[in-house]
Amino acid sequence: MELVLKPSKGAQENLDRLRRHADDVDVALVQSGLTREAEPGLVSLGSVFYEPVWVFYRDRTSSSAAPNWQERR
């Protein structure tokens with residue numbers, strides 16, 4: 001087994017390389033949510049870490065009136 005690191009522009013390019021069988025890439029790190037429900041020929045080996053989602057919004061009324069996100073869980 002030989003490990004060869006290949007630079008990329010990010011998770012989308014890594015996934016594209018796997019889908020196209022490009023550059024002899026057999027394993028890649030990909031963010032969750034980029035793949036379809038069923039990816040023919042690809043298998044997820046698991047999660048490496050939890051990735052939080054940051055939500056930003058522009059409040060056009062006032063800076064102190066934030067929506068109540070706790071109720072939307």
Side-chain angles (χ1 to χ4, degrees):
M1 180 185 291
E2 180 182 2
L3 174 65
V4 177
L5 300 178
K6 298 193 179 239
S8 75
K9 295 177 184 169
Q12 186 62 58
E13 183 178 2
N14 295 342
L15 183 58
D16 291 342
R17 286 177 173 173
L18 287 173
R19 286 177 175 154
R20 292 188 329 259
H21 304 281
D23 303 325
D24 295 324
V25 172
D26 295 318
V27 177
L29 295 176
V30 177
Q31 289 174 302
S32 63
L34 290 180
T35 60
R36 297 180 289 266
E37 182 86 18
E39 282 284 348
L42 298 182
V43 177
S44 172
L45 299 177
S47 242
V48 176
F49 57 87
Y50 173 75
E51 183 176 349
V53 174
W54 292 85
V55 178
F56 293 90
Y57 75 100
R58 184 178 314 278
D59 183 7
R60 299 193 187 275
T61 58
S62 83
S63 60
S64 63
N68 187 353
W69 294 105
Q70 293 294 333
E71 294 176 2
R72 299 175 189 254
R73 281 186 171 193

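All values below were derived from every heavy atom in this structure, side-chain atoms included, with hydrogens, water molecules and symmetry-related copies excluded.
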Non-neighbouring partners of Ser32 that pass side chain to side chain donor-acceptor pair (under 3.5 Å), sequence neighbours left out:
none
Applying side-chain contact (heavy atoms from CB on, under 4.5 Å), can you list everything that pairs with Val4, at least two apart in sequence or on another chain?
Glu2, Lys6
List, by chain and number, the other hydrophobic cluster members for Met1, where Ile, Leu, Val, Met, Phe, Trp and Tyr join if side-chain heavy atoms come within less than 4.5 Å, directly or indirectly.
none
Which residue pairs pass the salt bridge (Lys or Arg N to Asp or Glu O under 4.0 Å) test with at least one member in residues 20-35, sequence neighbours excluded?
Arg17-Asp23
Remaining members of hydrophobic cluster (4.5 Å side-chain criterion), Val25:
Leu15, Leu18, Val30, Leu34, Leu42
Does Thr35 offer a backbone N or O that forms a donor-acceptor pair with the side chain of Glu39 under 3.5 Å?
no
Approximate separation, where rounding is to 0.5 Å, of Asn14 CG and Gln31 CD:
9.5 Å
